Amino acid sequence: MTENTADTAPDLDRLRAGAPPRNHDARTIAALTANPGCARRGVLDAAGVDKDAVARHLGFGTPFGQSQFALARGNAFEAQVKADGCAELLTLLRDRLGLAVAEVFYDDLAVEDGESREARHARTRRLLARALDSAEGTLFDHPMLRLDIAGHPAYLEPDVIAFQLGGRFHVVEIKSFAVVDGQAEPEQVAAAARQAAVYVLALRRLVAELGHDPARVAHEIFLVCPEDFSNRPSATPVDVRPQLAVLERQLARLTRVRDILADLPPDLSFALDEGLGDAVRAVGARYAPECVSGCEMAYFCRDEARACGATGVLGRGVRDDLGGVDTVGAALALARGTAEPPAELAETAALLRTAARLRREALGGAA
Amino acid sequence: MTLLDTADPSAAAAAVVDAVLADLDGTHRGVVVDSPPGAGKSTLVVRATGHLAAAGERLMIVAQTNEQVDDLVERIAGEHPDLPLGRLSAAGYLAPDRVRRPSVRVAQKADDLADRAVVIATAAKWATLSEGSWPWAIVDEAYQMRSDMLLRIAGRFERALFVGDPGQLDPFSTVEMERWAGLAWDPTRSAVSVLLAHNPELPVHRLPVSWRLPASAAPVVSRAFYPFTGFRSGTGPGDRRLEFGEPGTGSAHDRALDEAARSGWALYELPARHTPRTDAAAVAATAALAARLLARGATARSEAGARPVGADRIAVGAAHRDQVTAIRAALGPLGSQITVDTANRLQGREYDVTVVLHPLSGRRDATAFHLESGRLCVLASRHRHACLVVARAGIAELLDAHPSADPVRLGEPVKFPDGWEANQSVLAHLAEHRVAADA
Amino acid sequence: MSVLSALARLEAVDAGRARPLATVRHCHLADAPLLMVPLRLAGEAAAPLAVLLGTDRADPALLVVPQPRNRDLRFAFAAELAKVVLEHVEASRGAAEPLGPGRDGEERVRYTGAPQILVPNGGGAAFLRLLGRSTRFRRTEGPHAVEAAVPALGRWLTWFAERRDRPGSSLLLALTDALRLHWATGQSALEDANLAALLGWIDPPAGLDGPAAAARAEDPLRCPPAGPATDPTFDNEVLAPAIAAWDASGGDPRAEARLRAALESQLVPTWDAAWHAVDLLRALPPGASVADRWERDRDAFTLFHAGFAEGVPQARRDSAVAAARRLHRLERAQEEYDARRAFDDPLVMAEYRLTGQAFAGTVAESDPTRLDESGKRPKLRPRVRIATPDPVRLEPGATVCSADRPALKGRIVESGAGDVLVELTGGLGRKLVPEPGAVPAEGDRVCFTSVVPGSFGPARFPESADTPWTHGGPPAEYVPTDSDAAEEWS
Amino acid sequence: MSPDLPPAGVEALRTAVRRAVAAGDRTDARRLRAELRAAERARDAAAPPPEHVPRVPLRERVHRVLALIGVPAAPKLVGAVHHAFLDGPGLSVPRPADLRRAEERAFRSAPDARPYYVCAALTADALTPARGLLALSTWPPETRMIGPRSARTDFLTAAVRVAEHAARLGPDRAERLLRRFAANIPGAAAGGVGTVDAAALAEAARAELAVHAAADARDRARAARRAAARLDAAGLLFGARPAPDRTHGVAR
């Protein structure tokens with residue numbers, strides 16, 4: 001895998017036209033799994049292109065802003081749980097997992113601002129190595145972890161806690177959405193699980209580098225959220241094996257971007273100039289309405305897909321129901337019998353014609 | 001694992017059965033037995049019935065469909081002809097011949113069967129009873145029963161043996177509800193998963209040997225659908241053979257049949273295309289393969305001797321009802337002789353050769369329905385000799401492009417095996433047995 | 001999703017306007033529904049910010065929480081909201097009509113009306129559910145006491161939210177759901193969740209077509225989100241400064257007025273859009289079974305209303321028995337709803353005809369007096385042969401009923417290309433000669449379907465106290481605790 | 001419906017700000033926001049509330065709190081203790097790094113000119129400033145070293161001091177603070193719901209402290225010895241300088 005990425009890296013640097021690669025964090029890495037079939041997204045992400053800037057330059061900026069109320073709530077809850085050596089978290093772990101009273105080690109792996117990410121990563125390595133050897137240490141706050149993304153090391157925003165219990169590490173993810181009567185928004189839990197999986201994977205790689213069994217990092221993470229309608233934290237174990245499997249698969253796949261690059265013009269670049277639109281269009285997209293919630297390019301791709309009448313803009317389900325017919329115009333022509341279907345579409349055509357007849361009948365000829 | 005690898009399969013299987021029977025004599029309130037496809041689940045039920053009856057325990061047996069109940073009646077009555085059986089049924093039930101035996105009494109009221117040592121009925125029928133109690137129950141196909149059904153019948157027994165196949169299709173509900181997600185007693189979950197959530201101390205046994213699946217299929221199915229437990233075939237390589245009376249013509253159909261006869265598997269691959277569900281070419285190919293198989297006069301040789309593969313020994317499986325209807329129509333007069341059905345209805349059945357229309361063939365996007373591992377597991381594990389899979393090319397790409405954004409519900413156990421992984425695993429194996437359709 | 005609705009979406013793209021998915025209205029619309037447009041503070045589970053509500057479109061009431069992090073202000077808001085909701089409940093119920101004695105001999109009644117709550121979208125309904133959950137356990141005495149109306153509001157909102165889970169219930173309707181049941185737009189289901197965009201496709205303002213109106217609706221500055229989530233730039237640039245100013249002013253009425261004006265500016269466009277949606281729905285004639293389903297809603301309402309004073313328990317989560325019972329009820333309601341909707345509406349039935357679960361055609365042959373004499377007694381078993389162009393996928397032996405007269409039942413004898421033979425087994429009368437008109441005659445237009453209501457019979461469940469060991473045994477009885485009432489609700 | 005609709009200018013500016021923000025144009029947004037605030041001020045024509053000038057300088061107040069609890073503490077705890085026991089409103093403590101930087105400047109320009117400095121606590125392993133903590137220069141060095149158990153022992157020590165202080169003064173203002181401590185110390189919440197017995201809290205904190213104290217003291221003393229050997233006077237108070245960040249640095 002590393003040889004592949006080594007070859008690909010220069011090409012990817014060229015795609016950014018000199019701009020520095022966008023720094024990945026757990027959220028952006030988790031987002032890589034959202035639409036793996038999309039070559040456009042694959043190339044832009046692998047190259048670390050600032051998709052937000054690209055989309056804005058093309059006139060399709062996404063209002064992905066966050067409310068200051070949500071930010072404040074998130075920060076306040078995290079600060080509260082972590083305050084005074086994670087006093088609340090310790091209480092929670094003692095109650096839920098029977099953590100021994102002596103297990104109160106708290107190592108803040110972040111130091112002051114201004115320290116380099118490499119130095120912080122080195123410190124994380126040093127402290128974790130010691131913890132792995134001695135099985136000593138309870139809470140490791142702000143570990144600076146690293147994952148290779150298509151040949152570039154990405155340092156992960158360290159807003160997570162690694163928690164050691166009986167020689168095994170668990171990732172503790174603090175989120176401010178509520179768990180009400182044991183239930184939380186499945187989408188929010190899924191997003192948290194995907195992010196936690198990124199940390200689990202990075203932590204496992206680090207543990208392996210340090211010569212230990214990666215399985216010492218548990219696939220079970222602890223999600224710490226406000227309980228019901230209070231500020232009281234609750235801890236819920238979440239099994240992130242499915243998210244881990246998907247993530248590993250997609251990270252391995254990113255190196256396959258090379259195959260996509262091979263089919264692209266050799267001088268392609270995503271510089272923010274007048275050629276940007278053509279450059280982006282040169283890489284095929286796989287737009288689906290779900291993209292809007294997770295990809296900065298979504299509105300551009302939607303516009304493109306609508307302009308060419310792609311059935312995909314109506315949803316994956318609609319596209320699949322129209323099996324084999326890719327455009328609205330072609331499907332309607334078949335339904336209305338104004339176009340003679342090619343042999344391979346005879347069936348779809350028959351189905352669409354029946355559907356059209358039934359609609360006509362039911363609507364009294366009005367349709 | 002070492003036991004699995006080295007010991008004689010019969011001995012390994014017998015050891016598990018003995019352990020199960022020993023547990024029935026113990027103090028557990030329940031005993032669970034996981035049975036992979038064709039691992040002798042019914043045999044176990046018959047043995048356990050005899051065992052409990054011999055100990056003088058009155059016994060109720062629960063199965064999921066009338067057909068399953070009748071199968072069990074037939075087998076138990078055959079094995080234990082002196083055991084008085086009761087077949088509890090709904091009004092309007094006509095007992096088939098195989099159930100009409102001297103030791104079997106059919107009745108609609110439990111009171112009429114009070115003297116029977118063993119009473120057998122569907123779960124739905126048991127659920128209509130408001131009183132009566134049996135010291136023991138055997139619940140068959142327990143993984144296919146919804147936990148709300150178990151709730152309704154559990155008052156009728158004190159202790160129970162639960163037998164079923166965890167790899168097959170999960171029960172489903174016609175309403176989507178999040179309100180019970182994460183509850184240990186979620187009524188939409190399977191009976192076994194709820195039972196074990198509340199009684200984690202119950203012993204769980206696993207039958208280790210599939211007597212149905214040939215040596216060519218057991219590792220493939222085991223790896224894809226039972227990754228953590230595993231099982232092996234009862235027969236070795238070469239013990240099962242499929243021979244044709246009529247040689248192949250070299251056509252793609254015949255080459256696929258020959259490949260299946262040789263290796264136990266064939267992937268008959270049509271050109272990549274997105275199609276409606278009832279893809280005419282795929283439907284035609286599926287029907288043609290089944291018809292050609294019959295026309296070539298196949299003979300199945302196995303530990304049970306040689307026998308011709310007649311229409312009754314062939315099944316065609318598909319994911320959707322409309323596909324089944326279309327394939328049946330394409331089979332013409334054979335459509336009424338060869339079994340053509342959906343995965344749901346093929347559960348628990350066994351044939352010599354199966355022809356399967358791959359659930360993902362021609363799809364542009366995979367849905368949870370298509371990816372459900374149990375569906376593919378059922379379709380890929382009905383055969384004693386060979387399985388032919390018909391599919392459009394491009395499934396690998398479709399799986400690669402599948403977005404993973406499944407919501408996560410707190411407290412809900414992660415489902416294994418993952419449908420995506422299972423599909424990849426099976427597909428990787430099929431790729432080695434690929435025959436391209438004639439252009 | 002089906003090919004039929006996919007085609008409707010394609011037609012909508014082509015026409016630049018939504019296309020009908022129904023010929024009749026499948027939900028009930030009360031004469032004076034209570035419309036609620038709630039907003040929630042971002043980042044909080046159920047912290048209310050404001051709600052615009054009322055039954056009179058010209059005169060909505062605006063309730064706001066000037067500082068949503070202040071617990072006392074929230075409960076003051078809840079008390080105000082409770083007053084409106086409880087008044088609506090009482091005003092809607094009408095008279096109690098006697099139904100005669102039930103099986104247990106007790107006289108039963110049913111209110112002639114029931115309260116209906118409309119919200120713009122599914123998020124609004126989910127928010128009401130959480131608001132109900134966060135208020136129903138409040139205590140009216142002791143520490144953290146609240147007004148009696150607050151827990152009452154919680155119990156009613158919880159009840160509304162639970163009724164919404166029931167297929168076919170109209171007590172709490174999300175307008176986007178209701179509209180999508182009747183129209184297909186030229187955009188995806190995901191985009192249909194935006195009420196303004198959905199309306200833009202169904203009934204675009206003058207001078208705009210569907211796509212243009214929908215695009216306009218996606219601009220949060222011209223078309224504020226329909227809630228309960230607010231637009232982040234509104235939060236950051238308008239709301240936060242206004243709340244800060246209110247805080248700093250020490251509750252100055254002028255600062256409060258500005259805050260109210262800011263929130264009102266976000267709510268009024270949705271208020272108008274929601275009534276527009278109501279108008280569109282009201283213009284459709286109601287389906288034949290809508291009144292029946294509303295009657296079930298009124299039954300449920302009467303029951304809950306009658307038991308309200310005693311305090312029917314609403315536990316945090318269903319017990320094992322309660323969950324199983326509820327699932328059974330919901331599955332029954334789903335089946336009933338699916339079938340009745342198809343009987344009411346040829347466009348819904350067309351879905352089943354396309355998938356082969358129903359067919360329509362002309363009676364080619366009819367043998368209305370045919371007797372089946374194979375049994376001990378002869379039975380009336382008329383047969384009709386129907387010519388149909390539909391792609392029938394019904395196996396011989398399948399049970400079907402007539403869409404026009406569901407009591408008329410039969411089974412498929414044979415089905416070939418363009419022609420189906422049906423043997424009629426029920427709905428013919430009690431004699432050996434069919435009631436006049438019961439058997440379709442040659443040349444009649446008929447539609448038969450395998451979608452039949454009522455295959456789910458009533459089911460027997462154990463009492464909660466008899467929950468078996470397989471399900472954890474009898475549950476501890478739910479008793480509200482101090483901690484329920486003490487939840488900070490922050 | 002609203003008594004005083006804002007003038008169109010304010011409303012238009014507000015929309016313009018949101019447009020700029022949505023378009024990701026920060027410069028424009030900043031400029032427009034300033035204009036908006038100006039327009040709002042003009043509209044309100046009300047004098048802004050007078051700035052509350054504290055009589056006691058901030059560093060002095062931080063000093064008082066730290067002296068009271070006797071261990072390194074985060075700003076939030078400092079503020080809460082101030083609110084509970086000292087006059088005036090809650091104390092809004094700036095980022096510790098900023099406060100310490102100012103103190104360090106003062107120290108370096110005239111070492112030991114002041115009776116005390118608000119300084120850093122040092123990480124035991126790297127002797128760099130521990131994140132988010134404030135300490136006093138007058139404390140013995142080992143008090144300012146942060147080993148792996150120190151966060152907990154300091155929390156417990158602070159609990160003891162606060163509880164004792166509350167017991168002396170009467171617990172009214174400190175109620176909330178005591179509750180927070182009690183909720184996170186085993187056996188401290190014996191007093192039932194809502195009330196915390198300061199004596200019970202102190203006792204519970206001491207009990208847990210006994211588990212960790214010896215090992216923690218050992219860690220801290222060892223670190224203090226290393227610090228004395230390696231760091232100069234300023235370093236001892238404000239920590240070893242961390243390695244600087246390299247922009248877009250790529251390891252290996």
Side-chain angles (χ1 to χ4, degrees), chain B residues 29-30 90 124 126-130 137 139 142 146-160 162 172-189 191-192 194-199 202 276-278 320-326 328-329 336 367 411, chain C residues 1-3 6 126 129 161-162 164-167 316-338 354-357 391-396 398 415-417 450 455-473 475:
Chain B
R29 275 200 101 163
W126 282 116
T128 62
L129 269 60
S130 56
V139 182
R146 236 167 47 183
S147 73
D148 57 343
M149 185 56 95
L150 177 61
L151 175 81
R152 292 169 60 190
I153 64 172
R156 300 283 76 78
F157 55 79
E158 284 157 29
R159 304 169 64 193
F162 296 86
F172 67 96
S173 157
T174 54
V175 291
E176 271 213 34
M177 279 302 283
E178 300 231 317
R179 79 178 283 135
W180 304 301
L183 287 178
W185 51 76
D186 181 342
T188 62
R189 263 158 73 178
V192 180
V194 165
L195 171 80
L196 290 177
H198 287 102
N199 302 276
L202 297 187
R277 282 207 308 235
T278 49
H320 295 282
R321 297 280 299 278
D322 51 2
Q323 293 171 331
V324 165
T325 313
R328 225 175 257 162
S336 55
T367 65
Chain C
M1 204 49 66
S2 69
V3 177
R129 178 193 290 271
E162 294 197 341
R164 180 168 180 261
D165 291 337
R166 189 187 172 90
R316 291 161 173 248
R317 302 290 298 264
D318 288 344
S319 69
V321 172
R325 279 182 189 280
R326 189 190 298 271
L327 175 60
H328 180 78
R329 281 198 305 270
L330 294 180
E331 288 192 315
R332 266 180 95 163
Q334 181 75 56
E335 189 201 41
E336 178 86 12
Y337 179 54
D338 288 347
L354 189 62
T355 54
Q357 291 168 272
V392 187
R393 291 206 170 99
L394 292 170
E395 310 279 327
S415 126
S450 63
S455 76
F456 273 82
R460 185 189 298 279
F461 292 89
E463 293 300 318
S464 196
D466 298 328
T467 306
W469 60 276
T470 54
H471 287 62

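Note that the structure is a prediction, hence the values are computed from the model and not measured. In what follows, chains are A, B, ... by sequence order, proteins preceding strands, each numbered from 1.
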Contacting moiety of [X], where chain B heavy atoms sit under 4.5 Å:
{"X": "C/A333", "answer": "neither"}
{"X": "C/E395", "answer": "side chain"}
{"X": "C/R129", "answer": "side chain"}

For B/S147, is there any backbone N or O sitting under 3.5 Å from a side-chain donor or acceptor partner on C/H471?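 Yes; judged by distance alone, with no hydrogens or angles, the pair exists.
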Which atom names give the shortest non-hydrogen contact between [X] and [Y], and what distance separates them?
{"X": "C/A323", "Y": "B/W185", "value": "CB-CD1, 4.3 Å"}
{"X": "B/L151", "Y": "C/P462", "value": "O-CG, 3.7 Å"}
{"X": "C/T470", "Y": "B/H198", "value": "O-ND1, 3.6 Å"}
{"X": "B/A127", "Y": "C/R460", "value": "O-CB, 3.8 Å"}
{"X": "C/P468", "Y": "B/G155", "value": "CB-N, 4.5 Å"}

Nearest-0.5 Å distance, [atom1] of residue [X] to [atom2] of residue [Y]:
{"X": "B/R321", "Y": "C/R393", "atom1": "CZ", "atom2": "CZ", "value": "11.0 Å"}
{"X": "C/T355", "Y": "B/H320", "atom1": "OG1", "atom2": "NE2", "value": "12.5 Å"}
{"X": "C/L330", "Y": "B/M177", "atom1": "CG", "atom2": "CE", "value": "5.5 Å"}
{"X": "B/R179", "Y": "C/R317", "atom1": "CZ", "atom2": "CZ", "value": "8.5 Å"}
{"X": "C/L394", "Y": "B/T325", "atom1": "CG", "atom2": "OG1", "value": "8.5 Å"}
{"X": "C/Q357", "Y": "B/D322", "atom1": "CD", "atom2": "CG", "value": "9.5 Å"}

Residue [X] versus chain C: region with a heavy atom under 4.5 Å:
{"X": "B/L202", "result": "side chain"}
{"X": "B/T174", "result": "both"}
{"X": "B/N199", "result": "side chain"}

Answer yes if the side chains of C/D318 and B/W180 hold a donor-acceptor pair under 3.5 Å, and no otherwise.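 Yes - a donor-acceptor pair under 3.5 Å links their side chains.
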Taking every non-hydrogen pair under 4.5 Å, which of B/L195, B/L183, B/V194 racks up the most with chain C?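 Max contact count across the listed options: B/L183.
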If you count heavy-atom pairs within less than 4.5 Å of chain C, which of B/A326, B/A181, B/A191 leads?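 Among B/A326, B/A181, B/A191, the one with the most close pairs to chain C is B/A181.
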Please determine whether side chain to side chain donor-acceptor pair (under 3.5 Å) holds for the pair C/E331 and B/S173, giving the CA-CA distance in whole Å, both sets of side-chain angles, and the decisive distance to 0.1 Å. CA-CA 8 Å; C/E331 288 192 315; B/S173 157; 3.0 Å; yes
Under a 4.5 Å cutoff for heavy-atom pairs, which residue among C/S319, C/P391, C/G473 has the most contacts with chain B?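 That would be C/S319.
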